[in-house]
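To start, the structure itself, in structure tokens.
The shown structure was predicted, so the numbers you read here are calculated from the model rather than taken from an experiment. To find a chain, count down the sequence lines: A is the first, B the second, and so on, and within it residues start at 1.
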Amino acid sequence: MSTVHKGLTVTVRLDEKNIPYVNGLLSEYRKDLKIYQETYRKSLSTTFFISWLTLPEQQYAGKERLPARILLLSSYVGSKAAHLRELVAFLGPQLRQVFSQSPEFPTGETDEQELIRFLQRKSIPNTFYSGFKFITTREADREAALKAAVLDYLQAAPDINSDSNPSEVKEKIERYVKNHPKLHWASRGIPFSFRNKLQMLAPLVVFSLVMIASIGSLIALFFSDAAVFQWLAWIFPAFVLTLLLLFLLLRLNENNPHEPSDPLPDEKVREIVALETNPVINEMTVIAPLKKGWIRRVFLAVTLKLVGLVAYFAYIPTVHTARWLQMDRGKRLVFIANFDNLSEAYAHDFVDSERRSMNMAVIFSHAFGFPATRWLVHKLYNHRSEYMKGVRAHQKITQFWYSYNRDLSVENLKRNRAFREGLFKEMDTSAIREWLLRI
Amino acid sequence: MMKKLEKEDIQGLLVRGYGNLPTARYLLYTGTEPEMTLGFLRTILPKITPASEKPESVAFQVAFTHPGLAFLQLPEVVLDSFSREFKEGMNDIHRQLILGDTGEHAAHHWNWGNEPVHFLLLVYAKDEQQLEERISWLKSLAQTHAVQLKQALPTGLLYGKKEHFGFRDDISRPIIRELADSPELDPETSFPAGEFIMGYKNLYDEFAPAPTVPKELDPENKLPPHPDEQEQRDLGKNGCYLVFRQMEQRVSDFWQYMKTKAGDADAAIALASKMVGRWPDGSPLTRCPVKPDPSLSDANDFGFWEEDKAGLKCPIGAHIRRTNPRDHLVTERTQKDSREMAAKHRMLRKGRPYGPPLSPELDPHTLLQRTEDGEERGLHFICLVTDIRRQFEFVQNNWVNFHKFGGLENDSDPIIGNHYQNERRKTDSFSIPEYPVRKVLTDLPNFTRLKGGAYFFFPGIRALHYLLANG
Ligand code: HEM
């Protein structure tokens, strides 16, 4: 079974005049959610987050009108087909009600299969990040309960104290887990964990192998002129040359005069932050047209592909899931994140560290209104507060937002997992001490 | 190249705490008629103490709320150029949520600050007599100008530079680089002026965000030019924001809780020290985890990354570790990133305690014996920042009150956090990492309670002249 986290992004065009109606529907669902949270949790077992919103028209390159849209963005675990089935089975009527406002929705009756096919057809690729990889919704709950039970056990156990030998403490915990009917499941280890890692890393492995093979072939050409070497030998130099060319063209585009975007008025910011009332996790959607010039669109597309390849190794503190994607033939950048605490605090994760604000420039500097750069990451002037303003200027209200998890921060989820991973695993004394600190 | 500070244009509190003027009163006023209020303020203006002077007997400082500036009829464009949080005010419903000012901390319970106050005068004096003289002068002045004194908040420094729970306070202070004598500055404790004074570069190498005045509204060029915007003049230059929170301290509840949870006096003191992160004498737990070391009572050159990552000495959730995580944030992967992050959220603390101490020398052994005496006491927490949201609010929200800070589950700051439980969150635990398993204290009551508060603009002297000339 796959436990890799992924993002589904469905988008269709919408007549701008229908926005208020659709917003009304989405806000109603948001209200319902308050009452039916548990039903959602039970019925959407592959789903961690759903953001569902309308997007008004935007201007691209000062003249082109980008259409109004409906966007449905979910973070799920496992297979896409199962996720779509589950969404349609539980949210079918709402999906129909909202998407039927779009001219792209099929006319006439749509049964479940048709609705699934529609969502499938209208889904677009994204670069996805998860901060708590390979954990399913069920496991998130179970692992929290497991750790809480072990903490209670240790605090109450009369024979465990500061003089206890670490290995003995660990053995006692393991015995407790094994013999407890409700925790016994944790003695079986984490299923498919190697396979899932491999699945996530496969594209990077393939990419690296092709590049290595190409470099190998370049060398091999000195000794043999076999056709396979001749073909392969092209790939690496072509890749490097393409990147160089893209960089040069980008550099030329960077000479365009910088156009700042209007800051979001205070009332709008208030409207957005007023929705951030959840005690642990909140959401942010930023959608901006790109700066003008085809090179921006191409460069960003290539960047997002490369970032996707290394997403396994990426780290964004306090983020549960995030995604970046392009829409409207690459002319719009969409970024959404589900993070701990408030957007005000979260935004600082990006701009407070020099390194991370550079990483941020790799993607966001292509979006309209974001600070100008030189060679992609070098700032032309001081620009961290400009990034904060840019993010706010393009932030949208997410009319409907669902989160499976309501009480666990990403650090909680990771610690619970790390504790479980340590169970029944060989460790030396100092590793056990470290492990015990996670409880 | 570091820019020289214009000390003669900066109010003195930004560079000193007036420790040589141990008596002080904080006066909160509202005007009834703008022109008369301006008259009142203009009379006081020559007495406002700049940073270039070190007064020996009295000092006056002044700060304004946003409603206060509006009352003085500052033009709308200028009023609008202040930061959103200053305009909204501390008692704005959303800001209360951010700050964790809910339940018994909520603004409708406050003694002041929920109804608008217009300005704050901080009066410092060498002794009670000097102070009283100034206060009675102000009283008659206020009467003739129909200015209402809403609150006269007393202050009183405590024995051994302590706060009411019995702990040494005011040890860790950020140093403004431009003010330091020594060229050898520790980058962790020294900061560019723009972090605390507007008109100078901050840690992002940008000019701190500041209120502005369109050129045409300052025809006499009273204000300096804005460093970034040609069409604007800089109203913020040499000023900052002043955050004021009156926090009552429930000293007897605090020590009774420690006694109940810990048993004997020494264990109770050790537990309270775990919550603060320093021993009562000020020595940091990170340096002397087992018992206090008086030789370290001023020590501030420590970090957590190398010395105490897991919090076995100073718990991750201790007050000093939350309000300044120094070089270790659990969510960061490197010491450098942690350091860079933590540095962006510092503040200059300038508050003073108020109310009589529960015992004169504030020795925790004696405090443990004392029962409630019915007196109100606490801290007038004041901090100076150039960015309320990035500095004060960020710390209060993300580090002090967020119950998931540092991988914790249900803990807010043990000393100043808002402790409660409801169906959506539980914030009243305190975790102490220990071998073999962390100790978790539950059901922490609120040891402090918010009694009032507001955001103020603390202008430079030229800006003050501009504000008072208008109208
Ligand atoms: C009645 C309320 C409070 C009490 C009793 C209190 C007590 C203390 C004590 C005893 C220290 C250690 C002394 C030192 O390191 O200088 C300290 C440090 C500190 N407190 Fe508070 N405090 C209170 C409110 C606040 C508030 C509201 C904030 C800000 C949100 C705050 C921020 C700080 C900071 C930044 C430090 C220095 C930490 C460091 O750099 O190591 N305190 N406090």
Side-chain angles (χ1 to χ4, degrees), chain A residues 144 147-148 150-151 153-155 157 160-166 168-170 266 269-270 273-274 276-280 315 317-318 340-342 344-346 348-349 351-357 381-386 388 406-412 414-415 432-434 436-439, chain B residues 80 84-85 87-88 92-94 97-98 201-209 228 309-312 329-334 336-345 387 389-390 393-394 397-399 402-410 422 424-427 433-440:
Chain A
K147 208 186 71 177
V150 170
L151 178 65
Y153 160 73
L154 287 176
Q155 284 174 338
I160 296 179
N161 53 44
S162 56
D163 297 327
S164 306
N165 173 308
E168 280 170 22
V169 176
K170 187 162 187 280
D266 284 354
V269 178
R270 262 197 288 273
V273 295
E276 293 180 356
T277 52
N278 301 288
V280 180
Y315 177 68
T318 72
D340 287 328
N341 205 11
L342 308 177
E344 203 58 64
Y346 163 59
H348 278 283
D349 281 351
V351 295
D352 283 358
S353 121
E354 187 87 45
R355 186 177 53 79
R356 269 207 294 271
S357 56
Y381 50 89
N382 310 308
H383 66 192
R384 292 196 206 186
S385 55
E386 291 300 316
M388 302 276 272
R406 284 159 62 86
D407 190 45
L408 295 167
S409 71
V410 73
E411 200 59 37
N412 290 157
K414 285 194 300 192
R415 282 179 173 225
I432 296 176
R433 280 177 177 272
E434 287 264 318
L436 288 171
L437 282 166
R438 294 185 185 280
I439 300 176
Chain B
D80 213 43
R84 181 164 56 88
E85 58 280 8
K87 288 186 275 188
E88 292 176 356
D92 168 79
I93 204 76
H94 184 68
L97 263 177
I98 291 177
K201 292 271 183 93
N202 61 18
L203 273 173
Y204 301 114
D205 205 21
E206 295 175 359
F207 286 99
D228 289 328
K309 222 173 176 176
L312 287 163
L329 275 163
V330 171
T331 44
E332 291 301 325
R333 283 185 164 174
T334 67
K336 181 172 175 286
D337 283 344
S338 300
R339 217 177 249 155
E340 275 189 52
M341 289 284 291
K344 306 295 184 323
H345 310 284
D387 190 335
R389 217 168 341 143
R390 166 162 72 88
E393 286 190 349
F394 180 96
N397 166 268
N398 204 34
W399 292 348
F402 189 45
H403 54 302
K404 300 291 178 180
F405 171 79
L408 296 167
E409 285 161 359
N410 305 307
N422 62 26
R424 298 194 71 192
R425 69 185 114 183
K426 182 167 181 287
T427 66
E434 267 177 20
Y435 174 79
V437 66
R438 72 182 150 119
K439 189 184 272 162
V440 182

(request) Verify side-chain contact (heavy atoms from CB on, under 4.5 Å) between A:Leu342 and B:Phe394, making sure each step is shown before the conclusion. (result) CA-CA 10 Å; A:Leu342 308 177; B:Phe394 180 96; over 6 Å; no

(request) Under 4.5 Å heavy-atom distance to chain B, tell me which part of A:Lys147 shows up: side chain, backbone, both or neither. (result) side chain

(request) Let me know if A:Val169 has heavy atoms under 4.5 Å from chain B in its side chain, its backbone, both or neither. (result) side chain

(message) For the interface with chain B, which of A:Ser164, A:Ala345, A:Ala144 has the highest count of heavy-atom pairs at distances below 4.5 Å?
(response) A:Ala345

(request) Answer yes or no: is there a donor N or O on one side and an acceptor on the other, between the side chain of B:Arg424 and the main chain of A:Asn278, under 3.5 Å? (result) no

(request) Look up atom CZ in B:Phe405 and atom OG in A:Ser409, then write down how far apart they are to the nearest 0.5 Å. (result) 12.0 Å

(request) Heavy-atom pairs under 4.5 Å with chain A are the metric here; pick the option from B:Lys344, B:Arg84, B:Arg390 that has the most. (result) B:Arg84

(request) Indicate whether any N or O donor in one side chain lies under 3.5 Å from an N or O acceptor in the other, for A:Asn341 and B:Lys404. (result) no

(message) Rounded to the nearest 0.5 Å, what separates atom CD in A:Glu344 from atom CG in B:Asn397?
(response) 9.0 Å

(request) With a 4.5 angstrom heavy-atom cut-off, could you sort out which part of A:Asp163 is near chain B: side chain, backbone, both or neither? (result) neither

(request) Check A:Pro317 against B:Thr331 and note the closest heavy-atom contact, atom names and distance. (result) CB-O, 3.3 Å

(message) Given heavy-atom pairs under 4.5 angstrom as the criterion, report whether the side chain, backbone, both or neither of B:Arg425 touches chain A.
(response) side chain

(request) With sequence neighbours excluded, tell me which residues meet ring-ring contact (aromatic ring centres under 6.0 Å, His included) with B:Phe402. (result) none

(message) Heavy-atom cut-off 4.5 Å, strictly under: side chain, backbone, both or neither for B:Leu312 against chain A?
(response) side chain

(request) Any chance you could lay out the salt bridge (charged side-chain N to carboxylate O under 4.0 Å, His left out) test for A:Arg355 and B:Glu340, step after step, and finish with the verdict? (result) CA-CA 10 Å; A:Arg355 186 177 53 79; B:Glu340 275 189 52; over 6 Å; no

(request) Identify which of B:Glu393, B:His403, B:Glu434 forms the greatest number of heavy-atom pairs closer than 4.5 Å to chain A. (result) B:His403

(request) Measure distances from A:Val273 to the heavy atoms of chain B and classify the residue's part below 4.5 Å as side chain, backbone, both or neither. (result) both

(request) Give, as side chain, backbone, both or neither, the part of A:Arg438 having an atom under 4.5 angstrom from any heavy atom of chain B. (result) neither

(request) Quick one: do A:Leu437 and B:Tyr435 satisfy side-chain contact (heavy atoms from CB on, under 4.5 Å)? Show the steps, please. (result) CA-CA 7 Å; A:Leu437 282 166; B:Tyr435 174 79; over 6 Å; no

(request) Against chain A, label B:Arg438 side chain, backbone, both or neither, depending on which of its atoms sit under 4.5 Å from a heavy atom there. (result) both

(message) Determine whether B:Val440 and A:Gln155 satisfy the following criterion, side-chain contact (heavy atoms from CB on, under 4.5 Å), listing intermediate values before the conclusion.
(response) CA-CA 9 Å; B:Val440 182; A:Gln155 284 174 338; 3.5 Å; yes

(request) Tell me, out of B:Arg339, B:Glu332, B:Arg333, who's got the most heavy-atom pairs with chain A below 4.5 Å. (result) B:Arg333

(request) With a 4.5 Å cut-off on heavy-atom pairs, point out which of A:Thr318, A:Val280, A:Asp340 contacts chain B the most. (result) A:Val280

(message) Could you walk me through whether B:His94 and A:Arg270 satisfy the side-chain contact (heavy atoms from CB on, under 4.5 Å) test, starting with their C-alpha distance in whole Å, then the side-chain angles of each, then the deciding distance to 0.1 Å, before giving a yes or no?
(response) CA-CA 8 Å; B:His94 184 68; A:Arg270 262 197 288 273; over 6 Å; no

(message) Check this for me: does any side-chain nitrogen of one of B:Glu409 and A:Arg415 sit under 4.0 Å from a carboxylate oxygen of the other?
(response) no

(message) How close do B:Met341 and A:Arg356 get, counting heavy atoms only, and between which atoms?
(response) SD-NH2, 4.2 Å

(message) Quick check on the interface: out of A:Val150, A:Ile160, A:Ile439, who has the most heavy-atom pairs with chain B under 4.5 Å?
(response) A:Ile439

(request) Select one option (side chain, backbone, both, neither) describing which atoms of A:Glu434 are under 4.5 Å from chain B's heavy atoms. (result) neither

(request) Inspect the contact between A:Asp266 and B:Lys87 and indicate whether a charged nitrogen and a carboxylate oxygen are less than 4.0 angstrom apart. (result) yes

